[in-house]
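Only heavy atoms go into these numbers, but all of them, side chains included; no hydrogens, no water, no symmetry mates.
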Protein chains: 2
Amino acid sequence: MCGVRMVRLSKLTDYASVILAQMARQPDVLWSAGQLSEDSSVPKPTCIKLLKLLVKSGVLNSTQGARGGYSLARPPSQIPVKTIIEAIEGPTAITECGTDETLCRLTDHCSVMSRWRELGDQVDHILTKTTLEDLISPHTLYARSDRRIETLEVH
Amino acid sequence: MCGVRMVRLSKLTDYASVILAQMARQPDVLWSAGQLSEDSSVPKPTCIKLLKLLVKSGVLNSTQGARGGYSLARPPSQIPVKTIIEAIEGPTAITECGTDETLCRLTDHCSVMSRWRELGDQVDHILTKTTLEDLISPHTLYARSDRRIETLEVH
DNA sequence: ATTATATAGGACTGAATAGGTCCTATATCA
DNA sequence: TGATATAGGACCTATTCAGTCCTATATAAT
């Protein structure tokens with residue numbers, strides 16, 4: 001049968017968001033893994049693992065060698081939280097339905113799955129609109145009129 | 001540190017939604033576990049486990065004994081998908097932050113967590129508005145103007 | 001050149017969770 | 001009383017998550 005993952009914020013994604021928030025506050029600094037580990041209190045090995053994942057997914061740039069380190073690849077306002085989640089937890093993709101057609105029509109399984117998929121799309125919409133900038137803002141998401149969750153259009 | 005679970009649709013919740021959709025199509029039938037297992041192609045032991053969880057959470061009523069079975073406790077329109085998810089996967093509650101205050105102010109961890117929590121609230125809003133009736137509808141969620149995701153108010 | 005300091009890219013382990021099964025008890029109907 | 005159904009567990013296995021560690025490579029300073 002099918003499996004859908006809509007959103008899941010793991011411990012590691014939590015860590016990553018704290019680390020990224022730290023970096024976003026001083027975007028021009030080249031941060032070493034050690035420094036970020038200290039500031040965020042995320043154990044260094046784990047911190048390094050997260051930084052690698054974030055580089056791999058294009059959220060961070062890295063500079064190798066002595067005096068190297070990490071920096072944001074884009075401004076915080078251009079890093080959706082969806083990107084951060086997917087960098088750490090892998091794609092939130094919806095697995096395709098493998099149910100055979102006869103059974104499908106019998107049980108309406110595919111029909112129900114379509115609705116779940118639409119729900120997933122709505123969640124996706126929220127996670128794409130919300131960015132790292134929002135995460136480090138002292139104001140609530142709701143207070144920012146330009147970032148309110150708007151009515152989705154029929155498509 | 002903190003852990004947040006926003007939404008997670010597991011395989012078992014997928015199964016449960018199919019079973020509930022089956023029941024919702026004929027709300028007055030008293031369904032046996034065996035019948036539901038056959039119709040949904042969910043293995044019987046697993047099916048039974050799910051039905052028990054749904055009874056425990058108040059989504060289903062059960063009648064014991066011969067000719068017993070299960071039926072919806074409420075009309076499909078009054079069963080939010082959030083309730084279904086929580087019945088199977090447990091509360092999607094947000095764990096409280098255990099970070100001490102000094103560290104918290106240093107790393108802005110609590111501040112970032114507040115934003116994640118707000119995101120979780122938005123997702124919650126969607127999952128509460130969407131019901132079992134929507135899941136079994138042949139029409140997309142978006143096409144139903146009365147169920148569109150509306151702008152959240154500041155609170 | 002050499003050394004110290006970083007990141008790159010894996011492999012690997014233990015813990016937690018999810019998925020699935022089974023057993024015994026209890027309630028109801030014929 | 002026997003057949004049929006749910007109630008409520010215990011239980012096992014597979015998978016995923018969290019966390020650590022090791023070796024290779026790149027850079028800067030000496």
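Summarising the geometry, the separation between CD1 on B:Ile48 and C1' on D:dT4 is reported as 12 Å, rounded to the nearest angstrom. We find that CG of B:Leu30 is positioned 13 Å from P of C:dT28, with the value rounded to whole Å. Remark: P of D:dT6 and CD1 of B:Ile19 are 12 Å apart, rounded to the nearest angstrom. Atom CG in A:Leu50 sits about 15 Å away from atom C1' in C:dT7, given to the nearest Å. Atoms CD (A:Gln35) and C1' (C:dT7) sit 16 Å apart, rounded to a whole Å. What separates CG of A:Asn61 from P of C:dA8 is a distance of 10 Å, to the nearest Å. For the pair B:Leu53 CG and C:dT21 P, the interatomic distance rounds to 15 Å; values are reported in whole Å. If you measure from atom NZ of B:Lys49 to atom C1' of C:dG19, you get 6 Å, rounded to the nearest angstrom.
Of the candidates D:dA28, D:dA7, D:dG19, the closest approach to any side-chain atom of B:Gln64 belongs to D:dA7. Checked against D:dA7, C:dA6, C:dG20, the side chain of B:Tyr70 finds its nearest nucleotide in D:dA7. Here the nucleotide nearest the side chain of B:Thr46, chosen from D:dT20, D:dA5, C:dT21, is C:dT21. Listed nucleotides D:dT6, D:dT20, D:dA18 differ in distance to B:Ala33; the shortest reach to its side chain belongs to D:dT6.
The phosphate of D:dA26 (OP1 or OP2) has no side-chain N or O of A:Thr63 nearer than 4.0 angstrom. Between D:dC17 and A:Tyr15, no contact under 4.0 Å exists linking OP1 or OP2 to a side-chain N or O. Using a 4.0 Å cut-off, no side-chain N or O of B:Ser62 falls inside it from OP1 or OP2 of D:dA5.
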Exercise for the section: Apply side chain to side chain contact (heavy atoms under 4.5 Å, CB included) to A:Leu141 and B:Gln122, showing your working. Expected result: CA-CA 10 Å; A:Leu141 303 177; B:Gln122 294 186 7; 4.1 Å; yes

Problem - CA sep, side-chain torsions, deciding dist, call: A:Leu127, A:Val81, side chain to side chain contact (heavy atoms under 4.5 Å, CB included) - result: CA-CA 6 Å; A:Leu127 297 178; A:Val81 299; 3.8 Å; yes

Exercise for the section: Show your working on side-chain hydrogen bond (donor to acceptor under 3.5 Å, both in side chains) between A:Ser40 and A:Gln22 and close with a plain yes or no. Expected result: CA-CA 8 Å; A:Ser40 64; A:Gln22 172 82 359; over 6 Å; no

Practice task
For the pair B:Thr13 and B:Ser10, evaluate side-chain hydrogen bond (donor to acceptor under 3.5 Å, both in side chains) and give the outcome as yes or no after the intermediate values.
Solution key: CA-CA 5 Å; B:Thr13 306; B:Ser10 70; 3.2 Å; yes

Exercise for the section: Evaluate side chain to side chain contact (heavy atoms under 4.5 Å, CB included) for A:Asp14 paired with B:Met113, printing each intermediate quantity in order. Expected result: CA-CA 8 Å; A:Asp14 174 13; B:Met113 285 306 294; 3.5 Å; yes

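Each of B:Lys52 and B:Ala66 was assigned the nucleotide of DNA chain C with the nearest heavy atom; the assignment lying further toward the 5' end belongs to B:Lys52. Between A:Pro43 and A:Arg67, the residue anchored closer to the 5' end of DNA chain D is A:Pro43, taking for each the nucleotide with the nearest heavy atom.
Counting distance only, with no hydrogens placed and no angle test, the side-chain atoms of B:Lys11 and the base atoms of C:dG19 include no donor-acceptor pair under 3.5 Å.
Among the heavy atoms of the strands, none lies under 4.0 Å from A:Gly34. Among the protein residues, A:Lys56 comes within range of no part of the nucleic acid, since none of its heavy atoms lies under 4.0 Å from any strand.
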